[in-house]
Protein chains: 2
Amino acid sequence: MREQLTPKQVARALEVSESSVKRWCDRGLIPTQYTAGGHRRIALSDLLVRVRDGRYRLVHPEALGLPPTSGRSLGGRQRAGQRIGEALLEGAEQRCRQIVFDLVLADQPLAAICDEVLAEALCEIGHRWEQGEAEVYQERRACEIVLRILHELRTMIPAPPEDAPEALGGTMAGDRYVLGTTMAELVLREAGWKAISLGDNLPASTLAAALQTHRPSLFWLSCSHIPDETAFLQAYQSLYQSHGQRAAFVVGGNALTESLRGQMQYASYCDKMQHLASFANSLQRMSNRISGEKHDESQNPTLEN
Amino acid sequence: MREQLTPKQVARALEVSESSVKRWCDRGLIPTQYTAGGHRRIALSDLLVRVRDGRYRLVHPEALGLPPTSGRSLGGRQRAGQRIGEALLEGAEQRCRQIVFDLVLADQPLAAICDEVLAEALCEIGHRWEQGEAEVYQERRACEIVLRILHELRTMIPAPPEDAPEALGGTMAGDRYVLGTTMAELVLREAGWKAISLGDNLPASTLAAALQTHRPSLFWLSCSHIPDETAFLQAYQSLYQSHGQRAAFVVGGNALTESLRGQMQYASYCDKMQHLASFANSLQRMSNRISGEKHDESQNPTLEN
DNA sequence: GTCGACTCGGGTAATTCGGGTC
DNA sequence: AATGTCCGAATTACCCGAGTCG
């Protein structure tokens, strides 16, 4: 997928004339780079930001290598959840992609899409499977499709700035459900973090090593399956004791029952991705304010994060 | 880090054509040195100065931190395997992506990239882990990165034609290693199949249901971990008996020992993705010839696949 | 010295520039 | 005030045989 677009491509995608695009660039309405010869180049992510703002309408996304819009009015996230649930069951990957991208282009926050559309639909499929109305392979295929879409969304988020705070996360040993941690990474990246999901099935010792090496300011754990609760608690506690001061621990996932949470220490428990997003935002605001004060005192423009 | 860059490397990093870079050099927009034979060499520092000026936009900065990238054929793939191994260990996702995409742009077959670069590098990381030279999280993170790259490559393959033959596959119950089946899907799609990976951890009963519903002409099983060999054999045999006539069964993966294979029936055992690719191609050629003969007889241009 | 892959230079087709006008 | 269309000049992308690099 091309990351740099010519005015002509943008014009086709927005269904306007080329001159209009050029004028908008010249007026600063669209961030523009120039080649050495003076030709305009527009970054795809910059364009998508404006589209999501509602400033421009993307009539022909396929001109940019993006999935085509369905054209139908997006009757809200709830209906999208139902429609994508059906599409996932059928394995209609392209239709799923359309639904999600429609929502993204309509400026729905990724966290809300994760919670109210994707998680919702997957949950529904899980229920059907429990009642014998769906095959296991349909559920697995649905997870595959969602994972692919999450990865595609990730490439569409503008790269985090150099000085962005770092975040690290994953799932613990015995937990092989990657969607949660993948969503967390995506949502944090949208919020402007340098977030890295380490993957699934990670023993506490290696998580400690990763924390030691990277020293992130946020650390998330997605818990969808806990085979041995006492072992889990023990591993978690040692992890928290050695690194809980330096990094903000965020935990979430269906496997964290109330009684389990009662025996854990953490900076935040996030039931949903939207909780994670708002927690991350408040954390970042706070650290910005602190580093801002530092700058005021020292008159030093160097950033420290 | 290589200090001198070729026009090709610069072109890829800036996402412009090679001739543009050459013209800019000739016009003095980029300071240029020359080899004795008249080949242009651009100093990394000279380029970075212009990038900071905002005169050029560095779309793919990773390309510059590297020795000459693109496919020096076999030597290229082997070296790429080593280089991507290091990048995977460090978690340098962008660098990994650049290495793989360079190979793709140099027209290396995806199957060869999977076998000789990605699998090679992952294997090496596995060895290091066994010897205590690598952390578990580095290995998991490497798998995550490779999976993302595979998904991105998938979006770059043109959609298969309507009448393409179908293929289905996945991993069996207890096997949670998705890279093998994801690579298989990718390679088959490159070969023009409508290939769908159903995911991992699939009980035989649901695989049977999927085969029953979709009736593919090829069915692959990736086997990287077999917790219970007798259960596996039993499940596989019942699957093969009911659907082995209709679909070509292809099996592969490290977990398939010689003794296990001796007790299995299949159309092909594929040690590597390149085997899978050539098997799929020969299968398709054969079916094309058959349907071609039919057309000769009936003078009917309708395809049947 | 051989060899494959890369680069050179030049030519051509397609695209984009800026400006003027509707 | 904003958009779409037209224009010659300039820029960029693609192509190819000969020469260079490692």
Side-chain angles (χ1 to χ4, degrees), chain A residues 2-44 47 50 54-60 63-65, chain B residues 2-44 47 50 55-57 59-60 63-64 66-83 98-99 101-109 112-113 116-117:
Chain A
R2 264 268 191 301
E3 293 177 30
Q4 298 279 107
L5 306 169
T6 67
K8 186 175 205 166
Q9 293 174 289
V10 175
R12 272 202 296 257
L14 300 180
E15 206 171 66
V16 294
S17 77
E18 209 178 312
S19 312
S20 292
V21 175
K22 291 197 285 188
R23 273 191 295 260
W24 296 340
C25 288
D26 295 346
R27 261 196 287 163
L29 299 175
I30 304 176
T32 314
Q33 294 78 233
Y34 291 87
T35 67
H39 284 200
R40 282 169 266 256
R41 290 293 122 96
I42 295 137
L44 176 60
L47 177 63
R50 268 85 207 158
R55 308 222 261 171
Y56 306 108
R57 261 260 305 277
L58 199 50
V59 188
H60 300 290
L64 309 180
Chain B
R2 180 63 66 110
E3 287 292 329
Q4 300 283 80
L5 307 167
T6 66
K8 188 175 204 166
Q9 291 175 285
V10 176
R12 284 193 185 156
L14 301 179
E15 203 172 86
V16 295
S17 76
E18 205 178 318
S19 26
S20 291
V21 174
K22 291 196 285 189
R23 248 179 299 104
W24 299 341
C25 288
D26 295 347
R27 252 195 288 166
L29 298 171
I30 304 176
T32 315
Q33 286 101 339
Y34 289 87
T35 66
H39 282 200
R40 281 169 267 254
R41 289 296 119 98
I42 296 136
L44 176 60
L47 181 62
R50 267 110 203 128
R55 309 227 270 169
Y56 306 111
R57 166 142 175 171
V59 187
H60 302 287
L64 302 183
L66 299 171
T69 45
S70 45
R72 300 245 176 208
S73 191
L74 278 173
R77 281 207 292 260
Q78 281 170 7
R79 270 218 295 272
Q82 291 172 8
R83 288 195 294 122
Q98 188 62 38
I99 294 171
F101 279 42
D102 271 347
L103 291 170
V104 173
L105 291 175
D107 269 336
Q108 300 284 335
I113 297 175
E116 295 169 25
V117 181

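Every chain is numbered from 1, with letters handed out A, B, ... down the list of sequences.
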Legend entry - A:Arg12 side chain reached by A:Gln9 side chain, heavy atoms, under 4.5 Å: yes
Inset, instruction - Starting from P on D:dT12, measure out to CD on A:Gln9 and report it in whole angstrom. - result: 15 Å
Legend entry - Proximity to the side chain of B:Val16 - top-ranked nucleotide from C:dG9, D:dA13, C:dG18: D:dA13
Inset, instruction - Output yes when at least one side-chain N/O atom of B:Ser20 is less than 4.0 Å from OP1 or OP2 of D:dA13, else no. - result: yes
Legend entry - Distance (rounded to the nearest 0.5 Å) between B:Leu14 CG and B:Ile30 CD1: 7.0 Å
Inset, instruction - May I ask you to verify if any side-chain N or O of B:Ser17 is less than 4.0 angstrom from the OP1 or OP2 atom of D:dC14? - result: no
Inset, instruction - Check whether any side-chain N or O of A:Arg23 sits under 4.0 Å from OP1 or OP2 of D:dA2, and answer yes or no. - result: no
Inset, instruction - Could you state the atom-to-atom distance from NE2 of A:His39 to C1' of D:dA13 in whole Å? - result: 11 Å
Inset, instruction - Determine whether B:Pro7 and B:His39 make a side-chain contact, defined as any pair of heavy atoms from C-beta on separated by less than 4.5 Å. - result: no
Inset, instruction - Considering just the side-chain nitrogens and oxygens of A:Trp24, establish if one lies under 4.0 Å of OP1 or OP2 belonging to D:dA2. - result: no
Legend entry - Bracket notation of DNA chain C in which parentheses pair within the strand, [ ] cross earlier pairs, and | pairs with another strand (Watson-Crick or G-U, under 3.5 Å): ..|||||||||||||||||...
Inset, instruction - Could you list the residues that satisfy side chain to side chain donor-acceptor pair (under 3.5 Å) with B:Gln33, not counting sequence neighbours? - result: none
Inset, instruction - Could you state the atom-to-atom distance from CD of A:Glu18 to P of D:dT12 in whole Å? - result: 15 Å
Inset, instruction - Check whether any side-chain nitrogen or oxygen of A:Thr35 sits under 4.0 Å from OP1 or OP2 of D:dT12, and answer yes or no. - result: yes
Legend entry - Which residue lies more 5' along DNA chain C, comparing A:Thr6 with A:Ser19 via nearest heavy atoms: A:Thr6
Legend entry - Atom pair distance, as rounded to whole Å: CD in A:Gln33 and P in C:dT16: 16 Å
Legend entry - Main-chain N/O of A:Gln4 paired to B:Glu15 side chain as donor or acceptor, under 3.5 Å: yes
Inset, instruction - Tell me whether the OP1 or OP2 atom of C:dG9 has a side-chain N or O from B:Arg40 closer than 4.0 Å. - result: yes
Legend entry - Nucleotide D:dA13, atom P - distance to CG of A:Leu5 in whole Å: 14 Å
Legend entry - Rounded distance in Å - CG (B:Leu29) to C1' (D:dA10): 14 Å
Contacts table for residues 20-29 of chain A: side-chain donor-acceptor under 3.5 angstrom, sequence neighbours left out:
| unit_1 | atom_1 | unit_2 | atom_2 | d |
| --- | --- | --- | --- | --- |
| A:Ser20 | OG | A:Ser17 | OG | 3.3 |
| A:Asp26 | OD1 | A:Arg40 | NH1 | 2.5 |
| A:Asp26 | OD2 | A:Arg40 | NH1 | 3.3 |

Legend entry - A:Arg41 side chain reached by A:Thr32 side chain, heavy atoms, under 4.5 Å: no
Legend entry - Length of the OH-C1' vector between B:Tyr34 and D:dG19, whole Å: 16 Å
Inset, instruction - Rounded off to whole Å, could you give me the CD-to-C1' distance for the A:Gln4 and D:dA13 pair? - result: 16 Å
Inset, instruction - Report yes if at least one side-chain N or O of A:Arg27 is closer than 4.0 Å to OP1 or OP2 of D:dA2; otherwise report no. - result: yes
